[in-house]
Protein chains: 2
Amino acid sequence: MSPCGYAPKRPGAGTISSVIGHRIPEATVNRLPVYLRALAEASSSSPTISSELLAEKAGVNAAQVRKDLSHLGSYGTRGVGYEVGYLMHQISRRLGVDSELRVAIVGAGNLGQALATYGGFASRGFQVVATFDSDPGKVGHRVGTTSVRPASTMSDVLLELKVDIGVVTTPASAAQSTADVLVAGGVSCILNFAPTTVVVPEYVALRQVDLGVELQILSFYRQSEAAPVAAGE
Amino acid sequence: MSPCGYAPKRPGAGTISSVIGHRIPEATVNRLPVYLRALAEASSSSPTISSELLAEKAGVNAAQVRKDLSHLGSYGTRGVGYEVGYLMHQISRRLGVDSELRVAIVGAGNLGQALATYGGFASRGFQVVATFDSDPGKVGHRVGTTSVRPASTMSDVLLELKVDIGVVTTPASAAQSTADVLVAGGVSCILNFAPTTVVVPEYVALRQVDLGVELQILSFYRQSEAAPVAAGE
DNA sequence: GCTTGTGAAATCTTTCACAGCA
DNA sequence: TGCTGTGAAAGATTTCACAAGC
């Protein structure tokens with residue numbers, strides 16, 4: 001999404017391409033983190049889990065779970081199920097979440113501050129190593145575990161801190177130039193929350209999460225309940 | 001999706017089904033808001049736009065734009081292109097964004113406050129009519145254009161204010177019960193930001209935006225650049 | 001000339017259904 | 001017996017390519 005938009009498509013669409021041994025379909029990749037979360041929840045109940053139970057927790061079809069997991073290798077046991085801990089390890093490994101990825105947040109407004117202190121990043125092995133803002137009034141303020149740096153220092157700091165992922169929470173007007181600086185600074189993924197789309201080179205993974213867009217999509221699906229719009233116009 | 005998508009599918013999967021005259025594919029619906037935004041940007045440059053230019057701005061293929069728009073009807077002119085203003089009107093109409101949808105945000109923490117003041121909602125015809133929190137210390141505080149109400153009053157207030165869309169920014173532990181109250185309160189869409197999945201009845205449109213999950217997906221795509229993981233284990 | 005709208009082809013994704021193994 | 005892993009079928013989406021219309 002994606003959103004987030006995601007997408008989704010997802011949702012939210014992004015630049016795609018990947019090679020890890022035998023290529024894993026994009027739709028599968030989008031579900032792996034969902035499985036990971038479902039497994040984390042299930043891990044306290046039982047050491048193993050069936051495709052059917054995992055499917056229920058993840059909100060998908062059991063055949064889909066089996067097909068998805070088969071792309072990672074044969075980690076299940078027929079007649080028994082999947083070993084929860086081992087499966088989580090395998091999924092994490094494929095998602096590259098083993099390796100402590102380093103995140104920078106650009107824009108220390110409400111949304112930027114919220115994300116910097118959001119527990120979901122740290123608990124999944126992502127480390128927020130820097131926050132930036134162009135407003136001198138915000139520079140120096142403590143946000144989460146970092147203190148806000150001036151936007152003008154981005155190019156240097158990104159390289160110095162070896163930032164992997166950039167999160168854009170600037171106003172729409174600054175989003176594209178921010179994305180450009182992030183790319184020049186060597187990040188390989190960008191998560192864009194600004195209410196405008198940005199474009200980046202092919203080799204940078206991009207995910208655009210526009211909250212207004214998410215609501216618009218929802219409001220369309222809502223109409224499955226409502227009376228159909230008159231056909232003519 | 002961001003997503004979704006959520007989304008992808010995407011980005012963020014959700015409960016789907018819709019009937020408006022002749023059914024519009026889900027993948028198309030997920031792109032309509034993106035077109036809408038691209039059109040808004042383009043509207044100042046020229047009164048008409050070609051599928052090719054629109055495709056470039058939206059980051060998709062020109063044939064896709066034409067196929068998508070053809071689901072709405074024949075609103076283009078051969079040899080010329082699409083009339084920007086009219087096309088925006090048609091897309092908005094189909095997305096139901098004409099009709100001032102009413103949003104409630106549950107959880108007035110950092111993220112909830114950020115969303116309540118986020119410009120992206122209001123500028124797209126969504127009106128934040130209520131915020132809720134279970135913390136008595138937060139109740140009564142002004143957030144955006146509303147003041148925070150006690151979570152215990154949700155059931156009544158949702159009905160009274162005729163809320164259409166619920167946004168969940170509670171901690172993971174409260175997300176499912178919050179979603180249940182929202183459904184009972186008559187909302188027809190839920191946008192879930194809590195770092196856990198929730199389940200809702202078929203007839204409620206659902207979009208799950210987990211920021212950690214988004215980063216995990218991105219970090220996988222990132223590996224298209226990195227060296228392949230060793231095959232064995 | 002240029003650009004839409006759309007069948008048909010190609011591709012991707014999901015689901016089925018069952019062989020194979022514990 | 002129970003559940004995985006996987007070919008094959010069904011379905012959805014994307015892309016191609018070109019006729020039709022301005």
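Residue numbering restarts at 1 for every chain, and letters A, B, ... go by the order of the sequence lines.
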Enquirer: Kindly determine whether E41(B) and T196(A) satisfy side chain to side chain donor-acceptor pair (under 3.5 Å), including the steps that lead there.
Expert: CA-CA 9 Å; E41(B) 281 174 21; T196(A) 183; 2.9 Å; yes
Enquirer: Run the side chain to side chain donor-acceptor pair (under 3.5 Å) test on D68(B) and Y35(B) for me, step by step, so that the C-alpha distance in whole Å, both residues' side-chain angles and the decisive distance to 0.1 Å come before the verdict.
Expert: CA-CA 10 Å; D68(B) 283 342; Y35(B) 295 151; 2.6 Å; yes
Enquirer: Is any side-chain nitrogen or oxygen of R31(B) closer than 4.0 Å to OP1 or OP2 of dT14(D)?
Expert: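 R31(B) to dT14(D) OP1/OP2: side-chain N or O found under 4.0 Å.
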Enquirer: If you assign each of G79(A) and N61(A) to its closest nucleotide in DNA chain C, which residue comes earlier from the 5' end?
Expert: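 Counting from the 5' end, the first nearest nucleotide belongs to N61(A).
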Enquirer: Do any side-chain nitrogens or oxygens of Y82(A) fall under 4.0 Å of OP1 or OP2 in dG5(D)?
Expert: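 So the side chain of Y82(A) is within the cut-off, an N or O lying under 4.0 Å from OP1 or OP2 of dG5(D).
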Enquirer: Examine dT4(D): is either OP1 or OP2 under 4.0 Å from a nitrogen or oxygen in the side chain of T77(A)? Give yes or no.
Expert: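 Answer is no, no contact under 4.0 Å.
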Enquirer: With respect to the side chain of R78(B), which nucleotide from dG21(D), dT13(C), dG20(C) is positioned closest?
Expert: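 The closest nucleotide is dG21(D).
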Enquirer: Would you indicate which nucleotide in dA17(C), dT13(C), dT4(C) comes nearest to any side-chain atom of R66(A)?
Expert: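 Ranking dA17(C), dT13(C), dT4(C) by closest atom to the R66(A) side chain puts dA17(C) first.
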Enquirer: How long is the span from the CZ atom in F193(B) to the CG atom in L211(A), to the nearest 0.5 Å?
Expert: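 F193(B) CZ to L211(A) CG: 4.5 Å, rounded to 0.5 Å.
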Enquirer: Provide a list of protein-nucleic acid N or O atom pairs under 3.5 angstrom, restricted to nucleotides 7-10 of chain C.
Expert:
{"unit_1": "dG7(C)", "atom_1": "O6", "unit_2": "K67(B)", "atom_2": "NZ", "d": "3.4"}
{"unit_1": "dA8(C)", "atom_1": "N6", "unit_2": "K67(B)", "atom_2": "NZ", "d": "3.4"}

Enquirer: Taking only N and O in the side chain of S51(A), is any of them less than 4.0 Å away from OP1 or OP2 of dT4(D)?
Expert: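 Yes, because at least one side-chain N or O of S51(A) sits under 4.0 Å from OP1 or OP2 of dT4(D).
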Enquirer: Scan A27(B) against the nucleic acid and name what it touches under 4.0 Å (heavy atoms): base, sugar-phosphate only, or nothing.
Expert: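 Result for A27(B) = sugar-phosphate.
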Enquirer: Find the distance R23(A):CZ to dT13(C):C1' and express it as a whole number of Å.
Expert: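 These atoms are roughly 13 Å apart.
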Enquirer: Do you see a donor-acceptor pair shorter than 3.5 Å between the side chains of S188(B) and R222(A)?
Expert: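 No donor-acceptor contact under 3.5 Å links the two side chains.
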Enquirer: Is it the case that the side chain of S219(B) and the backbone of L95(A) share a donor-acceptor pair, with hydrogens and angles ignored and the cut-off at 3.5 Å?
Expert: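 Yes, S219(B) side chain to L95(A) backbone: donor-acceptor pair under 3.5 Å.
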Enquirer: Nearest-Å distance, CG (D68(A)) to P (dT14(C))?
Expert: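 So the two atoms are 7 Å apart, to the nearest Å.
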Enquirer: Establish, yes or no, whether a centroid distance under 6.0 Å links the rings of Y82(A) and Y75(A).
Expert: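 Not under 6.0 Å, so no.
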Enquirer: For Q64(A) and for E52(B), find the nucleotide of DNA chain C with the closest heavy atom, then tell me which residue's nucleotide is more 5'.
Expert: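 Going by which nucleotide is closer to the 5' end, it is E52(B).
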